[in-house]
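Remember, predicted model here, so these are calculated numbers, not experimental data.
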Amino acid sequence: MSSVTATTTTAPDPAGSAPAPARPRLDWRLRFAALSLIWGFSFLLIKVGTQGYAPFQVTLGRLAFGTAVLAVAMAVRREGLPRGARTWMHLAVAGFLLNALPFSLFAFAELTIPSTLAGICNATSPLWGMALSLVALREDRPTRVRMAGLGLGFLGVLTVLGAWQGFQGLDARGTTLALLASLSYPVGWIYVRRTLAGSSHSHLSLTGGQLLLATVQLAVVTPLFTSVPSSLAVGPLLAIAALGTLGTGLAVLVQYGIVAEVGPTTGQMVTYFVPVIAAAAGILLLGETLTWSTPVGAAVVLAGAALTQVRPRRAE
């Protein structure tokens with residue numbers, strides 16, 4: 001979740017903002033697999049975190065730990081935070097749309113829905129991104145294949161939700177929050193594309209500033225709507241720490257390296273592994289159950305999302 005693509009995710013990746021880093025020793029395929037696991041398990045960690053702390057507290061902890069990881073990375077690479085009031089204003093909006101808002105919505109959603117369903121809802125981000133880009137990005141022209149993918153994807157969503165049964169047994173509130181969280185990512189990415197693409201600041205610097213501002217936003221909101229926990233829940237706290245350090249901080253650094261090495265098209269393929277891992281983790285470790293329509297619908301969603309990413313060939 002929350003990634004350098006419109007799906008998952010967590011931070012802007014303005015094109016051409018920084019030179020590609022030195023090629024890592026670890027093969028990109030191994031890092032790709034690790035990233036898939038990290039983001040796939042994120043939904044399980046959110047569920048565990050909310051068992052001991054309020055959703056806003058889970059999100060605040062996640063952002064704080066993630067920001068700390070990026071702060072260390074910036075110190076190691078001797079990079080500072082971005083400069084300029086306009087840049088900070090755009091980063092504040094990006095931090096809200098790509099971090100503070102979707103992270104909070106997923107945390108609230110998992111109070112009432114399984115982590116497996118939350119992971120599948122997250123996979124709808126490419127579909128929302130495709131639909132929004134047709135309106136917001138003039139250069140992103142629709143094709144028959146991509147439009148077919150959009151229709152197929154949303155058919156998959158209806159299958160997951162059991163539309164033919166009148167959505168019986170579905171927690172409408174939690175599912176809606178999860179779908180809104182997945183919608184927030186492409187909205188944020190379109191904003192980033194229009195405001196921060198081509199920035200002279202490095203990706204790491206922009207990401208660090210974005211997460212810092214998102215953390216500040218949650219630090220302001222959380223005390224207003226939550227109270228200090230009466231006891232320290234160690235298990236949920238460890239889950240939040242792992243969610244922040246791995247699923248938010250380290251994951252951003254790993255995917256940035258993958259995208260820089262093999263390109264965004266390959267890098268965004270991680271999206272299609274995340275719901276599979278999220279479902280497996282929820283079933284095996286949390287004892288969650290699935291009806292037949294959930295995996296079938298999820299497969300249709302992923303197929304549709306893949307088609308929306310197909311770009312027309314350029315005339316030579």
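Between F65 and T248, every side-chain heavy-atom pair lies at or beyond the 4.5 Å cut-off. The closest side-chain heavy-atom distance from L98 to Y191 is not below 4.5 Å. Contact annotation: the side chain of L285 approaches that of F41 to within less than 4.5 Å [non-hydrogen atoms, C-beta and beyond]. With a 4.5 Å cut-off on side-chain heavy atoms, Q217 and T59 do not count as touching. Residues V221 and L60 fail the side-chain proximity criterion, which asks for heavy atoms closer than 4.5 Å. Under the 4.5 Å side-chain criterion, counting only non-hydrogen atoms from C-beta, L63 is in contact with L211. No side-chain heavy atom of L253 sits less than 4.5 Å from a side-chain heavy atom of Y256.
Summarising the geometry of G156 relative to V301, their closest heavy-atom pair is C-CG2, 3.5 Å, with the distance given to 0.1 Å. Between L97 and P102, the shortest heavy-atom contact is O-CD, 3.2 Å. G174 and A109 make their closest contact through O-CB, 3.2 Å (heavy atoms, listed as atom of the first residue, atom of the second, distance). Taking each heavy atom of G247 and S42 in turn, the nearest pair found is CA-OG, 4.0 Å. Closest approach of A251 to I38, counting heavy atoms only: CB-CG2, 4.2 Å. Of all heavy-atom pairs between G235 and V48, the closest is O-CG1, 4.3 Å.
Annotation: the span from L243 atom CG to K47 atom NZ amounts to 14.0 Å, rounded to 0.5 Å. D171 CG to I113 CD1: the interatomic distance, rounded to the nearest 0.5 Å, is 7.5 Å. Rounded to the nearest 0.5 Å, atoms CG (L180) and CG (L101) are 8.0 Å apart. For the atom pair OG1 (T112) and CZ (R173), the distance works out to 6.0 Å, reported to the nearest 0.5 Å. One finds the CZ atom of F43 at 10.5 Å from the OG1 atom of T116 (value rounded to the nearest 0.5 Å). Taken to the nearest 0.5 Å, the CG atom of L286 stands 5.0 Å off from the OG atom of S115.
Note: the hydrophobic cluster containing F225 also contains I46 (ILVMFWY, side chain heavy atoms under 4.5 Å, direct or indirect links). L232 and I240 end up in the same hydrophobic cluster when Ile, Leu, Val, Met, Phe, Trp and Tyr side chains are linked at under 4.5 Å. At a threshold of 4.5 Å between side-chain heavy atoms, the hydrophobic network of Ile, Leu, Val, Met, Phe, Trp and Tyr places F103 and V220 in two separate groups. Neither V216 nor L70 shares a network with the other; the hydrophobic side chains, linked directly or stepwise wherever heavy atoms of I, L, V, M, F, W or Y lie under 4.5 Å apart, form separate groups for each.
Between the side chain of W128 and the backbone N or O of S184, no donor-acceptor pair lies under 3.5 Å. With hydrogens and angles ignored, the 3.5 Å screen pairs a side-chain donor or acceptor of S125 with a backbone N or O of S182. Checked by atom type and distance alone, the side chain of T124 never pairs as donor or acceptor with a backbone atom of L127 at under 3.5 Å. Between the S205 side chain and the G80 main chain, a donor and an acceptor come within less than 3.5 Å of each other.
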Exercise for review: Begin with the C-alpha distance, continue with both residues' side-chain angles, and end with the deciding distance and a verdict on side-chain hydrogen bond (donor to acceptor under 3.5 Å, both in side chains) for E110 and T50.
Suggested key: CA-CA 8 Å; E110 291 199 41; T50 56; 5.9 Å; no
Exercise for review: Carefully, step by step, assess L132 and L183 under the rule side chain to side chain contact (heavy atoms under 4.5 Å, CB included).
Suggested key: CA-CA 9 Å; L132 291 172; L183 172 61; 3.7 Å; yes
Exercise for review: Kindly determine whether V252 and H203 satisfy side chain to side chain contact (heavy atoms under 4.5 Å, CB included), including the steps that lead there.
Suggested key: CA-CA 10 Å; V252 169; H203 166 88; 4.0 Å; yes
Exercise for review: May I have the step-by-step check of side chain to side chain contact (heavy atoms under 4.5 Å, CB included) for N122 and W39, ending in yes or no?
Suggested key: CA-CA 11 Å; N122 181 73; W39 271 332; over 6 Å; no
Practice item. Determine, step by step, whether W88 and L81 satisfy the side chain to side chain contact (heavy atoms under 4.5 Å, CB included) criterion, reporting the C-alpha distance in whole Å, the side-chain angles of both residues, the deciding distance to 0.1 Å, and the verdict. Key: CA-CA 10 Å; W88 280 99; L81 290 170; 3.8 Å; yes
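Below 30°, between 30° and 60°, or above 60°: for F273 and F32 the angle between ring planes is above 60°, a perpendicular geometry.
The residue from L105, V157, L179 that alone fulfils the side-chain contact (heavy atoms from CB on, under 4.5 Å) condition with C121 is L179.
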